[in-house]
Amino acid sequence: MRRPRATTGALSWFTTIDHKRIGILYGVTAFAFFVIGGIEALLLRLQLARPNGTVLSAEAYNQLFTMHGTTMIFLVIMPLSAAFANYLMPIMLGARDVAFPRLNAFSYWAFLLGGLFLYSSFFLGGAPNGGWFGYAPNTSITFSPGHNIDFWVFGLQILGIASTTGAVNLVVTALNMRAPGMSLLRMPVFVWMSLIAQFLVLFAMPVITVALFLLMFDRLFLTNFFNPAMGGDPILWQHLFWIFGHPEVYILILPAMGVVSEILPVFSRKPLFGYPVMVFSGIAIGFMGWGVWVHHMFAVGLGPVAISAFSVSTMFIAVPTGVKIFNWIGTIWGGSLKMSTPMLYAMGFIAMFTIGGLSGVTHAVSPHDRQQTDTYYVVAHFHYVLFGGALFGLIGGFYYWWPKVFGYHLSEKLGKWQFWLWFLGFNVTFGPMHILGLQGMPRRIDTYPANYGFDFWNLVATIGSFVIAFSVLLFIINVVRSKRVGERAVGDPWDGRTLEWATTSPPPEYNFGEVPVVHSVDDWWHRKYGEDEEGRPVRLEDAPGQPQPDPPEVARAVHLPSPSYFPLVAAFGLPVIAYGMTYRAWAVAVIGAVITISGIYAWGIEPSTEPGGHDDEGAELPGPDEGEGGDGVSEDGGPQQMVPAGVAPLEEAAPESASAQAREEEDK
Amino acid sequence: MKRLWAGALAIGALTGACSRDSSILHPAGATAERLAGLWWLMLWLGAAVWVLVIAVLVRAAAAPRPNGDAAAGGGGRGLVIGGGILLPVVVLVPLVFVVFQVAEDLSPRPTGDDIRIEVVGQQYWWEVRYSGTDAVDANEVHVPIGRPVVLELSSTDVIHSFWVPQLAGKQDVFPGDQRNLTLEASEPGRYEGQCAEFCGISHSRMRLRVIAQSPEDFDAWAADQLREQPAPAAGATGDVAEGAALFQSRGCGGCHTVAGYTEGEIGPNLTHLYDRATFAGSIFELNSRNLRRWLRDPQAEKPGNKMELPVQLTEDEITKLIAYLETLK
């Protein structure tokens, strides 16, 4: 079978290895799961709108709340963050793709197939119903004899493979593929936060993998890791799950914090306040996040020493987080603000995430957590940080980068309406849940009795959830409508600061015709603006105008990695293994393993770029002997940047501007 | 709106029209009182911090610009160090000491001659055994006021959590293990509780009550619990006698103990059933109407519970069984 060559057309989406297309795939798929997870939430809220509800049976409710949590965490926020990281990280770093483009495609396909496997459970006897946290021994084969939990175990394992391979890719990309001059402390904060989150993925996913393996062995092969009657311990599950689970929440929030850190400076026309503090607080959160997990277990009875220690560590992780809030405010302070939709979302993030952070501090007070834990007070907390925080940030990111990715703007007017409805609906839904928790309403209950005082706020929360649904509908309308009539986007519509705004909208497949040389943080901004005596920005005479498309010979001169079938093939084997294991049909599992291994083998022996390249029109391309950099040394004598094979930086087409030459002098 | 209230009242008639309280802000015991006080402290601190953050955010967003583009101001450094580092430290350090202080004097100290009660959580009810006696109850824990009571908590199946919000924080319970929780109620009353760790399909239907009584009332109740039930006289007629016979023949006695009559290990002890106010994991007020609903189809009322009737009971059989059960006081 011939190697696919097309990079356009519907079928090319299945073989693409272009990080931008993969980013779009992640984004569209994650958004689809967001709508599904949201519908699950609406069903839950309909059931809870009234006491003794009859909308859903207890079994249906338990499946829906399990899938709502699992979906939003693993199939929405993580892949949405991956969408942004995939699309933006290489461009922000001045690179042409990620380190391992085919692995990138594999990660996406594994994610999609893992999600589909998980959801197929609804049609195959019932979805997982043990909660997203799957506590033993409730999830054991004794107490969960059906296949529901098997779908959960194997679905999460597939998703774990997707996440971990993605993490390897993004970490190597950030560490090894930066443009010349881009030291680590010149990377955009979004890249930093994504990098830290990906390190967390790399170390946290193996922990839940172990937990899921132990549960799989207990369920399939009748071991007793979590069975106390035979010397096992259900608390072991809790430790393993939360050692993963707590870093996981930082995985969920850090990229969105990175998005906010990109939006605020551009819409305040000021640099991010305290760049090094933002970076180091992110690193601190990454480290400290490993030392707090027992705060999910304060009611277990682990003893006063453990409880006190984790109470203190949990309180102090508020410090690097709090520092970020004030750095963001410092960024806005004295800025020339433009309150466009991305800015509304970023500022909304600050206000809402702070509420969630403060309720989190109250959880850290362990004696009081004995009242709060397992109630709606906790449900309120994590929705304030994950919805009010992560989702606000990521949707703001949609509005901000939409013109870059798709070449047209989303409607500002619709965007503002959508934001305010989203903000209103969110607070009306989750604000009252603090009260419900204080009133004594536990979590994970399919209904509640009348006369406990829970009725009113539950009804309010349900109404709020439909306001959110309506605002999501507005967002979809905005997307569909703007595709037809939206204002066409130039390369740099927001007067941005980072390198993605130095390309056209959308960028060409190869991102940069000429690999940029970076001189500072916010390099693109500094090519446009100098400063006067009072530090105010002044546009440079020779500032570059809007990015223009390169002449066609540039595209033909850049070698990019070729599309491939094998990432999809290798990923395809994973759900086959999973079905085989779920149904104890070992032959099927073996077939799946053979598919995956063959796919990887074939991928391993095909070259990353086919000789003759992948150009649709079969134009003549320079072979491996031509072009520069074959000896690892670049033109100006510095180390050659690692870019995909065959890339030849162009000869200078235009005379250097005076300021660019001056900066080069400084660099030497 | 009217129909909502009517609906709520109708359902209230089934489940008990009196309103119930499970708020952690309405404490009725030593521990819960301390925690409620801590809550108000945290609320005011948290609200103050949030208002401060929003005020600074609004100020930042609303401040007039001198002209056009803005300077990369250095005055913000104070803001960041003050707000981002000093403020959290100033708030958190005292909070740490408060935590240690509260945790220290939180639990009433067992005194040695405490009442000890074993509470065993299971899907989906609570077995209550008064240590040192043969008294066994279900879902309702009687305690005398003004004395620490040590609950010895465990589970027979999955993880549950014992929680009576007005008295104390919750304690998870584990199979094959024991955790203790010391409660002390300050006033007589009925305090609502529920399982607070997801434990399966009917997790929401696993409630309980703590009934705090004056020492005299408690002693009277305890003495009453120790009586056995007379076995029904052989050959007796009438609904009660026929109900007692059905209790055996329909298999009830295989799961439910009535001291002196049947011995069963699976379901709640029914010896003094009609001394209780609720049943079926405290989800129903105990009366004949609710008992009839339950006996018609326990699985419909509480899916997944262990009471699976081998054969559907007729209405007449249910009438007779209820007549018998009503004598179990």
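Quick caveat: nothing in here was measured; it's all calculated off a predicted structure. Chain letters run A, B, ... following the sequence lines, proteins first and then strands; every chain starts at 1.
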task: Determine, for A/Tyr448 and B/Arg20, whether the Lys NZ or Arg CZ falls below 6.0 Å from the six-membered ring centre while staying within 45 degrees of the axis.
output: no
message: Please classify the contact of B/Ala168 with chain A as side chain, backbone, both or neither, using a heavy-atom distance under 4.5 Å.
response: backbone
message: Is any side-chain heavy atom of A/Pro442 closer than 4.5 Å to one of B/Phe198?
response: no
query: Given B/Trp39 and A/Tyr377, is the ring pair (Phe, Tyr, Trp, His ring centres under 6.0 Å) satisfied, shown in steps?
result: CA-CA 12 Å; B/Trp39 163 253; A/Tyr377 186 88; 5.6 Å; yes
field: Check: A/Arg444 side chain, B/Glu197 main-chain N or O, donor-acceptor pair, under 3.5 Å
entry: no
query: Judged by atom type as modelled, is there a donor-acceptor pair below 3.5 Å linking the side chain of B/Lys170 to the main-chain atoms of A/Thr373?
result: yes
query: Is it the backbone or the side chain of A/Asn129 that comes under 4.5 Å from a heavy atom of chain B, or both, or neither?
result: backbone
- prompt: Do B/Gln171 side-chain atoms and A/Ala299 backbone N/O form a donor-acceptor pair below 3.5 Å?
  reply: yes
query: Non-hydrogen atoms of chain A under 4.5 Å away: do they reach the side chain of B/Gln166, the backbone, both or neither?
result: neither
task: Give the minimum heavy-atom separation between A/Ile332 and B/Leu57, together with the two atoms involved.
output: CD1-CD1, 3.7 Å
- prompt: So which part of B/Pro303 gets closer than 4.5 Å to some heavy atom of chain A, the side chain, the backbone, both or neither?
  reply: side chain
task: Identify which part of B/Leu43 has an atom lying under 4.5 Å from any heavy atom of chain A, answering side chain, backbone, both or neither.
output: neither
message: Would the distance check show the side chain of B/Gln194 and the main-chain N or O of A/Gly440 forming a donor-acceptor pair, the cut-off being under 3.5 Å?
response: yes
message: If we define contacts as heavy-atom pairs under 4.5 Å, which of B/Ile54, B/Ile201, B/Leu45 has the most with chain A?
response: B/Ile201
